[in-house]
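These notes are about the structure you will find just below.
Residue numbering restarts at 1 for every chain, and letters A, B, ... go by the order of the sequence lines.
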Number of protein chains: 2
Amino acid sequence: MAPEPDNLCCPGLADPVLSEAGAEELAQALKALADPVRLRLVHIVASAGEACACDLPALVDRSQPTVSHHLSTLVKAGILGREQRGKWAWFWVEADQLSAVREALTLS
Amino acid sequence: MAPEPDNLCCPGLADPVLSEAGAEELAQALKALADPVRLRLVHIVASAGEACACDLPALVDRSQPTVSHHLSTLVKAGILGREQRGKWAWFWVEADQLSAVREALTLS
DNA sequence: TTCTTGTATCGATGTTTGTCGATACGATAA
DNA sequence: TTATCGTATCGACAAACATCGATACAAGAA
């Protein structure tokens, strides 16, 4: 396959541009965004500034448990913030985290 | 759950910011990027400008079929370009597609 | 406290996905 | 042509995931 273990055919190919750990972390954030329902949830919340969970199942046409699971995924990934207000759960977009993902996708 | 079918508790929540089809398409591109091995492949290729497939299995520590499968996923998503040169397959980053993904992640 | 209601968790299921060994395809070399 | 070698495809398998119904939890209302 390759000519030699450490005599690569392409120059500059040995530099660890993106570490294994860094790739794992970025992939985790991208995975949270790489679902059509979650993308729509993020856009809906972003366009409203804030949104309470009560409206979201109807807007994305999914069951309440499914939406809850997706929201929890997005919160865990740091893309959405969450706050309980009375009996309602409110969500907003963590713009910084989204920017970080965007910038991590900027290659040299 | 929600107060009324079309009397939402949050203003501006009914606008279809991101269509279902648009979400599906963007999710597809993000899914192609949302894997640590594929992310490292993209970064390796980007840092070298071009890379032939021969070196990549060793650099990402995966078998040749696995790397071939990942490269094919990235090419299908439009993130990598591919050209056969003699018996070697060469890859490069399609910067435009990557920029498009980045921009699609910019909310308002 | 008891009742009501919004949200999260549990359990199950069908689908997708990352991975590899074996094998087929393709292009150069002999 | 035949042999060699780089790459893609096939088949299989385990792990991850999206989804939902049922149920548990939590917070206000009565």
Exercise. Do you know the tightest heavy-atom contact between B:Leu39 and A:Ala23?
Worked result: CD1-O, 3.5 Å
Exercise. Does B:Arg82 place a side-chain N or O at less than 4.0 Å from the phosphate oxygens OP1/OP2 of D:dT7?
Worked result: no
For this session: Give a yes or no on whether B:Trp92 and B:Leu74 share a hydrophobic cluster (residues Ile, Leu, Val, Met, Phe, Trp, Tyr; joining criterion: side-chain heavy atoms under 4.5 Å apart).
Result: no
For this session: Ignoring backbone atoms, establish whether B:Thr66 has a side-chain N or O less than 4.0 Å from OP1 or OP2 of C:dC20.
Result: yes
For this session: May I have the distance from A:Asp55 (atom CG) to C:dT5 (atom P), rounded to whole angstrom?
Result: 17 Å
For this session: Quick one: label B:Arg85 by what it contacts on the DNA or RNA (base, sugar-phosphate, nothing), any heavy atom closer than 4.0 Å.
Result: nothing
For this session: Using a heavy-atom cut-off of under 4.0 Å over every strand shown, decide if A:His70 touches base, sugar-phosphate, or nothing.
Result: sugar-phosphate
Problem set entry | Along DNA chain D (nearest heavy atom to each residue), the more 5'-positioned of A:Gly86 and B:Pro65 | B:Pro65
Problem set entry | Whole angstrom value for the distance that separates P of C:dA8 from CG of A:Leu80 | 12 Å
Exercise. What about A:Gln64, does its side chain sit under 3.5 Å from the base of C:dA8 through a donor-acceptor pair?
Worked result: yes
Problem set entry | Closest-nucleotide ordering on DNA chain C, the 5'-leading residue of A:Lys87 and A:His69 | A:Lys87
Exercise. Can you name the nearest heavy-atom pair linking B:Gly78 to B:Gln97, along with the distance?
Worked result: O-CB, 3.2 Å
Exercise. Between atom CD in A:Glu83 and atom P in C:dT7, what is the gap in whole Å?
Worked result: 14 Å
Exercise. What is the distance, rounded to the nearest whole Å, between atom CG of A:Asp35 and atom P of C:dT15?
Worked result: 17 Å
For this session: Name the residue closer to the 5' end of DNA chain D, choosing between A:Ser63 and A:Lys31 according to the nucleotide with the nearest heavy atom.
Result: A:Lys31
Exercise. Rounding to a whole Å, what distance do you find between B:Trp88:CH2 and C:dT28:P?
Worked result: 9 Å
Problem set entry | Interatomic distance, B:Gln84 CD vs D:dC5 P [rounded to whole Å] | 17 Å
Exercise. In whole Å, what is the span from the CG atom of B:Leu56 to the P atom of D:dA8?
Worked result: 10 Å
Exercise. Of all the nucleotides listed (D:dT19, C:dT9, D:dA18), which has the minimum atom distance to the side chain of A:Arg38?
Worked result: D:dA18
Exercise. Which nucleotide, C:dC20, D:dC20, D:dG6, lies nearest any side-chain atom of B:Arg62?
Worked result: C:dC20
For this session: Return the value, rounded to whole Å, for the distance between atom CH2 of B:Trp90 and atom P of D:dA8.
Result: 14 Å
Exercise. Would a 4.5 Å heavy-atom cut-off, applied to side chains only, mark B:Leu30 and B:Leu105 as touching?
Worked result: yes
Exercise. Measuring from B:Thr73:OG1 to B:Arg38:CZ, what's the distance to the nearest 0.5 Å?
Worked result: 5.0 Å
